[in-house]
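To find a chain, count down the sequence lines: A is the first, B the second, and so on, and within it residues start at 1. What you see below is based on every heavy atom in this structure, not just the backbone, and it leaves out hydrogens, waters and symmetry mates. The model shown is predicted, which means the values in this text are computed figures rather than measured ones.
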Amino acid sequence: MLHHELEIQLKAVVAKIVPDADLASVLVRPCPDPKFGDYQSSALMAIAKARKMNPRQLATQVVEQLDVSRSCEKVEIAGPGFLNFRIKHTALNETLNKIAGADQLVEPAAKPKTYVIDFSSPNVAKPMHVGHIRSTGIGDAIQRVLRLLGHNVITDNHIGDWGTQFGILLVGWATASVSGEDIAEATDPIERLNFWYKELHAACSGDEGAVERLNQKLEGTNLQSSDNRFHQTSLQDWVRQELVRLQQGKGQQRQIWESIREISQKQFDEIYSRLGVKFDQTLGESFYNPQLAGVVEDLQKRGIARESEGAVAVFSDGSMPPKEDPFLVSRDGEWVPDPALIRKRDGGFNYMTTDLATIDYRLKTWSPDEIVYVVDDRQGPHFKKLFLTFARWQPDAAAKVKLRHVGFGKILGDDGKPFKTRSGDTVKLGDLLDEAEQRARKIVEEKNQSLSEAERREVARVVGIGAIKYADLAPNRQTDYVFSWDKMLAFQGNTAPYLQYAYTRIRSIFRKAAEDGIAVDAAVPIAATEPDELALAKHLLNFGLTLEYVVEDYRPNYLCSYLYELAGFYSRFYESCPVLKSDEPQRGSRLRLCELAGRILKQGLNALGIETLEQM
RNA sequence: GCGCCGGUAGCUCAAUUGGAUAGAGCUUCUGACUUCGGAUCAGAAGGUUGGGGGUUCGAGUCCCUCCCGGCGCACCA
């Protein structure tokens with residue numbers, strides 16, 4: 001709020017003095033160190049440099065014409081040409097009271113945009129695993145922050161519900177079926193599907209033991225092969241046939257496919273409900289099947305794709321240097337084509353084709369300003385190819401939309417290798433959440449014996465899930481991070497439990513106040529005067545700004561840091577400034593400051609998809 | 001081989017157009033308790049930001065080069 005005003009005024013003055021300056025670069029930011037002031041701008045130095053001007057001279061000129069006396073002390077020019085702004089206490093309190101009195105803690109964006117956020121995207125017939133936490137958590141946080149800033153958001157879960165794996169799944173289903181197993185009715189159908197997938201996959205890859213087990217299951221059934229015994233090749237044929245029948249779209253295969261989808265969706269819903277994640281759309285890969293042939297045809301017609309070795313592929317158009325061209329790869333010192341396949345030799349389509357059709361559909365359906373893909377960093381090259389191919393296919397449409405891959409790194413175990421169970425399997429997401437809740441419960445039971453059973457369960461849930469989510473959001477998304485139960489569940493440091501605890505401490509003041517018959521009067525204005533309450537107050541001012549930083553480069557960790565600092569400022573204030581023990585009107589003012597800090601902490605955590613508790 | 005991403009305190013991680021003295025937590029040491037929830041707070045110690053060179057008033061951030069690690073490189077997604 002105050003910050004925006006300063007920025008607008010500074011831009012206006014710069015525009016007057018240096019008419020050709022790029023005003024987008026004229027930014028005001030919080031000071032890294034309070035000794036310099038509250039806000040600073042380093043923009044003038046860059047502007048002066050580009051024009052070979054003396055930066056301090058320019059700064060002096062700007063300051064002479066800049067009148068921010070309503071909200072700031074005298075503007076200081078520091079170092080080589082920084083502008084330092086110090087907020088007047090009157091303006092600080094006034095702004096804070098405005099925020100505290102409004103329904104919304106955040107000013108909505110001046111120009112709301114429409115975003116499609118593509119995240120989570122689990123595969124059908126497989127258990128969701130630890131790898132899905134990143135896309136799901138980061139995507140959900142981005143989605144929440146955008147909405148909080150007043151943008152229009154469509155979340156779309158692009159589930160993997162189509163592809164060659166269905167040949168194997170269909171054979172597995174049939175085999176289970178004749179050997180008396182009804183997967184749909186199993187206690188854990190996903191586990192069974194996964195079991196059969198692995199068995200068949202092993203058998204098709206030539207694992208003799210798996211082939212033998214399969215033949216035993218099929219012995220004496222109507223699924224036996226002509227010579228009463230399946231072999232690797234006859235199995236592969238069977239798998240192919242099932243897939244073709246599914247693709248032809250009718251009959252039993254289609255029904256089984258539907259069942260598998262339903263089973264899987266049930267699992268997804270269960271996990272998402274535990275995580276508190278919702279999607280506006282769940283348009284899986286299969287949704288785009290009808291468009292795929294047309295996409296390929298169109299790309300061929302326009303000369304963007306051509307046949308190659310029986311497949312249809314998009315090659316480099318030579319419009320960029322080889323090093324930057326994702327359609328080229330160097331082999332033995334030569335740049336050779338690394339095309340994007342859009343139709344396989346067998347006539348099937350792959351995910352490049354689906355993704356192209358998906359962009360096309362999203363643009364036609366929602367006209368978004370931006371489509372954000374929250375997907376593993378390893379798929380970077382794929383998205384580069386995808387975005388470039390789309391731009392060549394539909395240049396006009398592509399010019400109107402920003403396509404953005406928001407990548408992230410891996411979760412590692414404490415051995416520095418990808419996080420696995422002790423036996424080396426991938427960790428199922430459901431199991432992970434269970435363990436988080438169990439561990440949180442143990443800690444809660446140690447620390448607070450006065451909770452009822454129901455309260456314990458609720459605290460364990462909120463703290464456990466929150467800890468996992470926060471541990472995933474707090475590091476820079478692009479770096480790999482080491483998964484550690486002890487660290488994420490610690491009550492010290494930048495963790496969810498610490499922040500949730502800070503919140504309960506704030507809330508407990510109000511319980512205590514009620515017990516003592518002290519009412520919180522919203523008419524009493526906040527009037528911060530002491531150093532620690534001024535520091536807290538100033539930090540509270542920057543909530544909206546922080547959300548803007550988050551959205552700028554899709555980095556939820558900025559919000560984590562902000563909230564962690566907020567908790568720190570609050571604790572310091574709490575130590576040095578008595579609230580309930582002070583006299584009116586200071587007591588009323590401080591209560592309102594506590595209230596605002598609590599609201600911002602809660603809303604901030606909520607924007608990360610993390611719940612808060614009144615007590616824990 | 002080529003490309004992408006990383007390498008920051010003993011450990012786990014930050015660092016917002018290139019900005020001011022690179023910050024936290026853990027660990028170690030020292031303080032604050034008839035506590036508004038001590039599940040807390042204050043202080044100290046800990047760094048050649050992998051090495052070297054360059055651009056700049058200013059580099060963890062940009063450029064070049066080398067070393068180390070991870071990942072990706074035609075019909076899986």
Side-chain angles (χ1 to χ4, degrees), chain A residues 22 24-27 29-33 35-36 40 42-43 45-46 49 55 78-82 121 123 160 163-165 285 308-313 322-324 326 328-333 335 337-346 348 350-352 354-355 376-382 384 407 409-410 412 414 416 418 443-444 446-448 474-476 478-482 484 486-487 490-495 497-498 501-502 504-505 508-509 511-513 516 545-546 548-550 552-553 555 557-558 560-561 564-565 568 571-572 574-576 578-581 594 615-616:
Chain A
D22 173 20
S25 75
V26 179
L27 301 174
R29 288 187 316 216
C31 274
D33 189 325
K35 80 174 179 211
F36 297 124
Q40 61 150 266
S42 57
M45 292 179 281
K49 184 181 198 167
F82 289 96
S121 331
N123 284 319
T164 43
Q165 76 272 26
E285 292 168 349
S308 168
E309 298 174 31
V312 177
K323 270 181 94 161
E324 288 161 36
L328 294 178
V329 66
S330 169
R331 289 237 165 77
D332 304 320
W335 290 102
D338 183 29
L341 294 187
I342 55 170
R343 199 177 70 200
K344 299 188 284 184
R345 196 182 313 197
D346 67 6
N350 56 18
Y351 76 142
M352 182 61 73
T354 314
D355 283 355
D376 193 334
D377 260 334
R378 283 175 298 187
Q379 292 200 38
H382 164 70
K384 260 191 191 162
K410 291 184 290 292
L412 307 175
D414 46 21
I443 294 168
V444 165
E446 274 169 28
K447 308 227 178 198
N448 188 349
N476 179 324
Q478 284 180 302
T479 48
D480 297 344
Y481 75 92
V482 176
S484 160
D486 291 341
K487 291 211 165 73
F491 281 81
Q492 303 88 358
N494 194 5
T495 68
Y498 171 79
Y501 173 65
T504 61
R505 279 174 97 201
S508 91
I509 284 204
R511 272 196 307 279
K512 185 84 183 350
D516 299 349
L545 188 59
T546 303
E548 286 169 24
Y549 290 148
V550 168
E552 215 164 86
D553 202 23
R555 299 199 179 272
N557 62 308
Y558 290 168
C560 296
S561 302
Y564 179 53
E565 283 162 13
S571 291
R572 258 157 267 151
Y574 181 85
E575 293 282 325
S576 66
V579 178
L580 296 177
K581 287 173 187 163
C594 290
Q615 294 182 62
M616 60 192 271

Shortest non-hydrogen contact from [X] toward [Y]:
X        : Y        : value
A:Trp335 : A:Leu328 : CE3-CB, 4.0 Å
A:Leu341 : A:Ala311 : CD2-CB, 4.2 Å
A:Pro80  : A:Met45  : CG-SD, 3.6 Å
A:Ala313 : A:Pro339 : CB-CB, 3.8 Å
A:Asp480 : A:Lys410 : OD1-N, 2.7 Å

To the nearest 0.5 angstrom, please state how far the [atom1] atom of [X] sits from the [atom2] atom of [Y].
X        : Y        : atom1 : atom2 : result
A:Met616 : A:Ser508 : CE    : OG    : 12.0 Å
A:Tyr574 : A:Arg505 : OH    : CZ    : 5.0 Å
A:Arg29  : A:Leu545 : CZ    : CG    : 10.0 Å
A:Thr164 : A:Asn350 : OG1   : CG    : 9.5 Å

Using atom types as modelled and distance alone, determine if a side-chain donor or acceptor of [X] lies under 3.5 Å from a backbone N or O of [Y].
X        : Y        : value
A:Asp338 : A:Val329 : no
A:Thr479 : A:Pro475 : no
A:Thr495 : A:Phe491 : no

Looking only at atom [atom1], what distance separates [N] and [M], rounded to whole Å?
N     : M     : atom1 : result
B:C63 : B:A44 : C1'   : 40 Å
B:G43 : B:C5  : C1'   : 39 Å
B:U56 : B:C62 : C1'   : 10 Å
B:A32 : B:G38 : C1'   : 10 Å
B:A42 : B:G18 : C1'   : 35 Å
B:U8  : B:A74 : C1'   : 39 Å
B:C67 : B:U27 : C1'   : 30 Å
B:G31 : B:U48 : C1'   : 33 Å

[N], OP1 or OP2 - any side-chain N/O from [X] closer than 4.0 Å?
X        : N     : value
A:Tyr498 : B:C41 : yes
A:Arg505 : B:C41 : no
A:Ser571 : B:U40 : no
A:Gln165 : B:C76 : no
A:Arg572 : B:A42 : yes

Just call it for [X]: base, sugar-phosphate, or nothing, with non-hydrogen atoms closer than 4.0 Å on any strand.
X        : result
A:Glu575 : base
A:Asn494 : nothing
A:Glu565 : nothing
A:Asp377 : nothing
A:Ser308 : base

| How do A:His382 and A:Tyr564 order along RNA chain B: which one's closest nucleotide is nearer the 5' end? |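 Whichever sits nearer the 5' end wins; that is A:Tyr564.
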| Taking for each residue the nucleotide of RNA chain B bearing the nearest heavy atom, is the 5' side occupied by A:Leu580 or by A:Pro337? |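 Mapping each residue to its closest nucleotide by heavy atoms, the 5'-most match is A:Leu580.
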Length of the line joining [X]:[atom1] and [N]:[atom2], which is rounded to integer Å:
X        : N     : atom1 : atom2 : value
A:Leu341 : B:C76 : CG    : P     : 9 Å
A:Ile509 : B:U35 : CD1   : P     : 15 Å
A:Gln492 : B:C41 : CD    : C1'   : 12 Å
A:Glu324 : B:C2  : CD    : C1'   : 14 Å
A:Tyr351 : B:A74 : OH    : C1'   : 11 Å
A:Arg331 : B:G3  : CZ    : P     : 13 Å
A:Arg343 : B:A74 : CZ    : C1'   : 15 Å
A:Asp376 : B:A77 : CG    : P     : 16 Å

| said: For a quick check, tell me whether the side chain of A:Thr354 and the base of B:A77 share a donor-acceptor pair closer than 3.5 Å. | reply: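 Answer is no: no donor-acceptor pair is held.
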| said: Is it the case that the base of B:A74 and the side chain of A:Glu309 share a donor-acceptor contact (distance under 3.5 Å, atom types as modelled)? | reply: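 Under the 3.5 Å cut-off, the side chain and the base do form a donor-acceptor pair.
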Side-chain contact, heavy-atom cut-off 4.5 Å: [X] with [Y]?
X        : Y        : value
A:His382 : A:Asp355 : yes
A:Tyr549 : A:Ser561 : no
A:Asp377 : A:Gln478 : yes

Using purine N1 to pyrimidine N3 plus N6-O4 or O6-N4 for Watson-Crick, or N1-O2 and O6-N3 for G-U wobble, each under 3.5 Å, what pairs with [N]?
N     : value
B:G6  : B:C68
B:A24 : B:U12
B:A45 : none
B:G1  : B:C73
B:G37 : none

Could you write out each protein N or O paired with an N or O of nucleotides 7-14 of chain B at a distance under 3.5 Å?
residue, atom, partner, partner atom, Å
B:C13, OP1, A:Val482, N, 2.3
B:A14, OP1, A:Asn476, N, 2.4
B:A14, OP1, A:Asn476, O, 3.3
B:A14, OP1, A:Thr479, OG1, 2.7
B:A14, O5', A:Asn476, N, 3.4
B:A14, O3', A:Asn557, ND2, 3.4

| message | Ring centres within less than 5.5 Å and planes less than 30° apart: is that true of A:Tyr501 and B:A39 in this structure? | response |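 Here the ring of A:Tyr501 and the base of B:A39 are stacked, with centres under 5.5 Å and planes under 30°.
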| said: What's the closest nucleotide to the side chain of A:Ser508 if the choices are B:U17, B:A77, B:G37? | reply: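 Ranking B:U17, B:A77, B:G37 by closest atom to the A:Ser508 side chain puts B:G37 first.
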| said: Among B:C71, B:C2, B:G37, which nucleotide has an atom closest to any side-chain atom of A:Val329? | reply: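 Among the listed nucleotides, the one closest to the side chain of A:Val329 is B:C2.
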Please write out the pairs of protein N or O atoms and N or O atoms of nucleotides 18-20 of chain B separated by less than 3.5 Å, giving the distance to one decimal.
residue, atom, partner, partner atom, Å
B:G18, O6, A:Lys49, NZ, 3.1
B:G19, N7, A:Ser42, OG, 3.4
B:A20, N7, A:Gln40, NE2, 3.1
B:A20, N6, A:Gln40, NE2, 3.3
B:A20, N6, A:Asn84, OD1, 2.5
B:A20, N1, A:Asn84, ND2, 3.1

Polar pairs (N or O, both sides) under 3.5 Å between protein and nucleotides 62-68 of chain B?
none

